[in-house]
Amino acid sequence: MNAAATPLLEVEDLVVGYRLPAPRGAAARHARVLDGVTLELQAGCSLGVVGESGSGKSTLAAALARLPQSGLSILGGRIRFDGLSLLELSEARMRALRGSKIATILQDPLHSLNPLLTVGTQIAETPMVHERISRMQAWARARDLLAAVRIANPAARVHEHPHQLSGGMRQRVAGAIALACAPRLLIADEPTTALDPTVQVQYLQLLQELQREHGFALILITHDLSVVARVCDQVAVMYGGRVVEAGPTAAVLREPAHPYTQALLASLPTATGVAGALPVIPGQPPEPSAPPGGCAFHPRCPRVMPRCRSERPPDTVPGPGRTSACWLGVPGAQEP
Ligand SMILES: Nc1ncnc2c1ncn2[C@@H]1O[C@H](COP(=O)(O)OP(=O)(O)OP(=O)(O)O)[C@@H](O)[C@H]1O
Ligand SMILES: [Mg+2]
């Protein structure tokens with residue numbers, strides 16, 4: 001087998017849900033927040049995950065790292081990472097993996113950083129626990145990492161607390177913590193949403209530079225297709241807890257196959273608009289507790305056909321390395 005062709009991460013039919021209230025004695029039923037997500041990522045590559053609010057992006061990020069999510073449970077599917085079957089690992093082994101090969105940067109650095117500890121302590125903690133290096137070595141690493149995320153005067157900043165830093169610096173510190181153990185996969189969930197536009201651009205450039213220098217694979221979750229266009233080799237478009245379209249970013253954005261991707265692109269701000277604005281597509285995204293039958297996008301789809309209301313579309317292949325879950329790609333599907 002050609003090892004280079006084996007993806008670093010393979011997600012197959014991942015289902016995550018929460019339990020719906022049911023009368024006593026009735027069988028348990030679950031609402032599916034992720035409803036059969038399938039995707040893959042090669043080592044060192046970058047995947048952008050886009051979709052409207054509520055489409056399941058953060059749930060996917062948390063499920064991939066098996067972060068505890070209150071009320072949500074993984075109901076099925078497989079996650080293979082670097083030869084390991086993640087859903088079969090014990091919590092202890094998973095914790096070790098989270099401190100070494102899989103790192104996460106979450107949306108709001110104020111919540112992910114501890115306000116009581118200096119940034120140096122927070123960066124040094126992970127390598128001290130997982131690599132058993134000395135405190136002095138770990139602090140030297142913390143200073144190096146602050147420099148790596150382009151924080152000026154790291155020897156002084158390493159002794160400061162999160163409230164002494166700007167929002168952009170705090171997000172850089174979150175990046176330094178994520179890099180502390182040289183991860184193979186970095187999952188960044190809307191890492192720039194809390195930052196102002198100029199700082200957003202700088203942070204994304206930094207992420208790209210770090211990826212080139214450190215060679216990790218990146219999953220970048222964002223509302224903003226223009227960010228994906230700039231940063232990511234691959235894109236996965238989520239709708240209603242599923243990946244409705246995926247493939248090489250350039251090909252998908254040049255010629256989107258799925259009507260939802262087409263709508264997202266059509267709602268992108270024009271050259272005179274504000275980058276990062278939320279796309280506006282008429283209608284509401286589905287509720288996981290009451291998903292529409294057939295294709296989840298059918299109530300909002302401008303090209304809906306009778307079959308879309310009752311039958312879930314299969315994954316079709318609109319081009320090399322691409323998928324689109326839409327009946328439009330199935331020859332003869334127009335006939336009822
Ligand atoms: N613990 C929970 N219990 C019930 N429903 C939940 C829970 N967590 C998330 N959900 C639901 O799951 C769906 C997906 O949520 P998720 O946070 O993954 O979306 P998202 O794509 O990250 O949205 P955003 O862009 O707003 O961050 C939403 O409908 C949300 O209400
Ligand atoms: Mg989210």
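Remember, it's 1-based here, ligands and their atoms both numbered in the order they're listed. Side chains are part of it too, since the values below use all heavy atoms of this structure and drop only hydrogens, waters and symmetry mates.
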CD (Q284) with more than 12 external heavy atoms under 6.0 Å
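Atom CD in Q284 is not packed in, count stays at 12 or less.
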Go through the steps for Q171 and I105 under the test side chain to side chain contact (heavy atoms under 4.5 Å, CB included), then give the verdict.
CA-CA 8 Å; Q171 197 58 305; I105 299 179; 3.7 Å; yes
Where is the nearest protein heavy atom to [atom]: which residue, which atom, and how far?
{"atom": "atom 23 (O) of ligand 1", "value": "G54 N, 2.8 Å"}
{"atom": "atom 9 (C) of ligand 1", "value": "L72 CD1, 4.2 Å"}
{"atom": "atom 5 (N) of ligand 1", "value": "Y18 CE2, 3.0 Å"}
{"atom": "atom 26 (O) of ligand 1", "value": "S53 OG, 2.5 Å"}

Between [X] and ligand 1, which part of the residue brings a heavy atom under 4.0 Å of the ligand: side chain, backbone, both or neither?
{"X": "E52", "answer": "backbone"}
{"X": "A31", "answer": "neither"}
{"X": "E190", "answer": "side chain"}

Would you verify that at least one protein heavy atom lies under 4.0 Å from atom 1 (N) of ligand 1, or report that none does?
yes
Any protein heavy-atom neighbour for atom 7 (C) of ligand 1 (distance below 4.0 angstrom)?
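So atom 7 (C) of ligand 1 has protein heavy-atom neighbours under 4.0 Å.
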Is there a side-chain contact between T104 and R98, using heavy atoms and a 4.5 Å cut-off?
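No, every pair of side-chain atoms sits at 4.5 Å or beyond.
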With a 4.5 Å cut-off on side-chain heavy atoms, are L210 and L179 touching?
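Counting from C-beta outward, L179 and L210 do come under 4.5 Å.
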What side-chain donor-acceptor pairs closer than 3.5 Å can you find for residues 15-37, not counting sequence neighbours?
residue	atom	partner	partner atom	Å
R32	NH1	D35	OD1	2.8
D35	OD2	R312	NH2	2.4

Any sub-3.5 Å donor-acceptor pair from R132's side-chain atoms to H130's backbone N or O?
no
Can a donor-acceptor pair be found between the side chains of E52 and S55 at a distance below 3.5 Å?
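S55 and E52 do not have a side-chain donor-acceptor pair below 3.5 Å.
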Among L265, T323, T261, exactly one meets side chain to side chain contact (heavy atoms under 4.5 Å, CB included) together with V252. Which residue is that?
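The residue from L265, T323, T261 that satisfies side chain to side chain contact (heavy atoms under 4.5 Å, CB included) with V252 turns out to be T261.
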Give yes if a backbone or side-chain nitrogen or oxygen of [X] is under 3.5 Å from a nitrogen or oxygen of ligand 1, and no if not.
{"X": "G56", "value": "yes"}
{"X": "K57", "value": "yes"}
{"X": "V33", "value": "no"}

Of all the atoms in ligand 1, which lie at a distance below 4.0 Å from a heavy atom belonging to [X]?
{"X": "S58", "value": "17 (O), 18 (O), 20 (P), 22 (O), 27 (O)"}
{"X": "P288", "value": "29 (O)"}
{"X": "H223", "value": "25 (O)"}

To which of D189, L60, V50, T59 does the heavy atom nearest atom 15 (O) of ligand 1 belong?
T59
Which residues satisfy the side chain to side chain donor-acceptor pair (under 3.5 Å) test with E190, sequence neighbours excluded?
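Side chain to side chain donor-acceptor pair (under 3.5 Å) list for E190, sorted by chain: T193, H223.
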Any heavy atom of S55 closer to ligand 1 than 4.0 angstrom?
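S55: in contact with ligand 1 (<4.0 Å).
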Within the stated cut-off of 2.8 Å, is an N/O/S atom of S58 closer than that to the Mg ion (ligand 2)?
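It does: S58 brings an N, O or S atom closer than 2.8 Å to the Mg ion (ligand 2).
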